[in-house]
Amino acid sequence: MVNLRIDSKEVEAEKGAMLIDVAREAGAVIPSLCHNDELPPYGACRLCLVEVKKGIRSRITTSCNYPVMEGIEVLTSTEKVLKYRRVNMELILARCPNSEAIQDMAKEMGIEKPRFSLKDEDCILCGLCVRACEKVVGVSAISFVNRGTGRWVATPFFDSSAVCIGCGSCAYVCPTQCIGMEDVGGIRKFRKWNTEFKLRECKVCGYHFAPEYQLEYMRKKANLPKDYFDTCTNCR
Ligand code: SF4
Ligand code: SF4
């Protein structure tokens with residue numbers, strides 16, 4: 001275990017735990033758009049900045065990818081911390097000014113209009129979709145392409161049929177809801193990946209409950225009988 005101080009509260013945390021999780025557990029309010037405690041940290045949105053003091057040294061750092069350390073003091077809401085977070089939020093809002101989720105979060109942080117020139121993007125490059133697809137689903141159907149201002153998320157070689165199983169985990173974790181998944185008439189569509197998947201129809205109630213590819217993937221992985229997913233969970 002590791003002992004540290006967060007906003008003048010003495011805290012004991014497990015070695016290797018990330019500061020953001022420990023601080024939130026201790027009651028601190030730390031915003032973030034790219035953090036999910038089930039996924040590896042990425043430090044992309046930079047909204048989770050905190051001030052860490054170690055001896056006479058002090059630095060502002062992202063807390064999502066900062067492992068707790070013995071004896072450090074963490075300040076989560078000083079003027080300096082809030083100011084740096086607001087600048088990062090302004091940059092995110094300027095990139096995606098039409099995203100309701102981003103607008104709401106910016107408003108909560110006291111920002112109505114960013115000072116930077118406005119873009120018309122819907123993705124904040126948080127990488128949650130890429131990490132969920134790789135680490136939770138185990139498929140790696142999407143990844144970052146290009147660098148710098150031309151960076152975005154896409155299917156490998158833009159081949160939309162390659163490995164995606166249509167599970168929807170990427171859409172579920174996306175903070176801006178820009179992946180655009182919808183199930184209509186027995187088909188699941190992903191606007192961003194430009195993909196479509198046939199949904200399996202339950203043999204009992206007729207409900208289209210999950211993509212055929214996803215069910216086959218799960219069946220093979222768990223070595224289940226061929227007819228295991230013939231019915232939906234409600235009818236099983
Ligand atoms: S829908 Fe496709 S891209 Fe999205 S998480 Fe599932 S396998 Fe990955
Ligand atoms: S598509 Fe969504 S989850 Fe993926 S990087 Fe962009 S904002 Fe993040």
Side-chain angles (χ1 to χ4, degrees), residues 20 31-48 62 64-65 88-106 114 118-184 186-200 208-222 229:
I20 190 169
S32 171
L33 282 165
C34 72
H35 180 67
N36 180 312
D37 52 15
E38 299 297 324
L39 296 171
Y42 191 56
C45 73
R46 303 191 64 80
L47 294 177
C48 67
T62 46
C64 67
N65 53 2
N88 291 338
M89 189 72 238
E90 276 189 78
L91 287 165
I92 294 170
L93 182 61
R95 178 182 168 85
C96 302
N98 301 313
S99 161
E100 271 182 36
I102 302 298
Q103 287 168 3
D104 289 349
M105 196 160 179
L118 301 185
K119 304 268 186 296
D120 187 22
E121 302 289 344
D122 54 10
C123 166
I124 62 164
L125 302 175
C126 70
L128 276 172
C129 55
V130 176
R131 283 175 284 154
C133 188
E134 183 193 343
K135 302 292 180 193
V136 179
V137 188
V139 167
S140 294
I142 46 176
S143 60
F144 281 110
V145 290
N146 294 335
R147 287 173 181 273
T149 50
R151 189 168 158 87
W152 84 96
V153 182
T155 50
F157 308 108
F158 307 102
D159 177 0
S160 52
S161 63
V163 280
C164 177
I165 57 169
C167 68
S169 303
C170 51
Y172 180 74
V173 295
C174 176
T176 63
Q177 299 294 300
C178 71
I179 291 169
M181 180 180 89
E182 56 171 0
D183 292 354
V184 183
I187 303 288
R188 172 169 293 178
K189 294 182 184 178
F190 292 85
R191 192 186 59 242
K192 201 167 208 45
W193 316 137
N194 194 23
T195 46
E196 286 191 10
F197 297 87
K198 189 171 180 287
L199 296 170
R200 186 167 297 175
H208 291 102
F209 63 100
E212 295 278 1
Y213 282 159
Q214 181 188 357
L215 295 173
E216 263 314 280
Y217 174 80
M218 287 161 59
R219 190 187 71 72
K220 281 185 184 155
K221 221 172 172 188
F229 290 118

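First listed ligand is number 1; within each ligand, the first listed atom is number 1.
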Should E216 and R219 count as an ion pair when the cut-off is N to O under 4.0 Å?
yes

Which protein heavy atom lies closest to atom 5 (S) of ligand 2, and at what distance to 0.1 Å?
G127 N, 3.2 Å

May I ask you to check whether D122 and N98 show a side-chain donor-acceptor distance below 3.5 Å?
no

for atom 6 (Fe) of ligand 1, nearest protein heavy atom and its distance come out as C167 SG, 2.3 Å

Of the non-hydrogen atoms in N146 and W152, which two are nearest, and what is the gap between them?
ND2-CZ3, 2.9 Å

Value rounded to 0.5 Å, distance of CG in N36 from SG in C126
10.0 Å

Atoms of ligand 1 less than 4.0 Å from G166 heavy atoms?
1 (S), 2 (Fe)

Hey, does the Lys NZ or Arg CZ of R151 hover above the aromatic six-ring of F144, less than 6.0 Å from the centre and inside 45° of the axis?
yes

Residue Y172 excluded, over 12 heavy atoms near OH under 6.0 Å
no

Would you compute the distance between atom CG of D183 and atom CG of L199 and round it to the nearest 0.5 angstrom?
5.0 Å

Run through P41, C48, P31 and flag the one making a side chain to side chain contact (heavy atoms under 4.5 Å, CB included) with I20.
C48

If you look at every heavy atom in I142 and C170, which pair is closest and at what distance?
CD1-CB, 4.2 Å

Atoms of ligand 1 under 4.0 Å from any heavy atom of F190, numbered from 1 in the order shown, are 1 (S)

Note the single closest protein heavy atom to atom 7 (S) of ligand 1, along with its residue, its atom name and the distance in Å.
I165 N, 3.5 Å

Looking at atom 2 (Fe) of ligand 1, what's its closest protein heavy atom, distance included?
C164 SG, 2.3 Å

Restricting to side-chain hydrogen bond (donor to acceptor under 3.5 Å, both in side chains), what partner residues turn up for N65, sequence neighbours left out?
T62

Near atom 2 (Fe) of ligand 2, which protein N/O/S atoms are found at less than 2.8 Å?
C174 SG

So is G168 touching ligand 1 or not, going by heavy atoms under 4.0 Å?
yes

Which residue and atom name correspond to the protein heavy atom nearest atom 8 (Fe) of ligand 1, and how close is it?
C133 SG, 2.3 Å

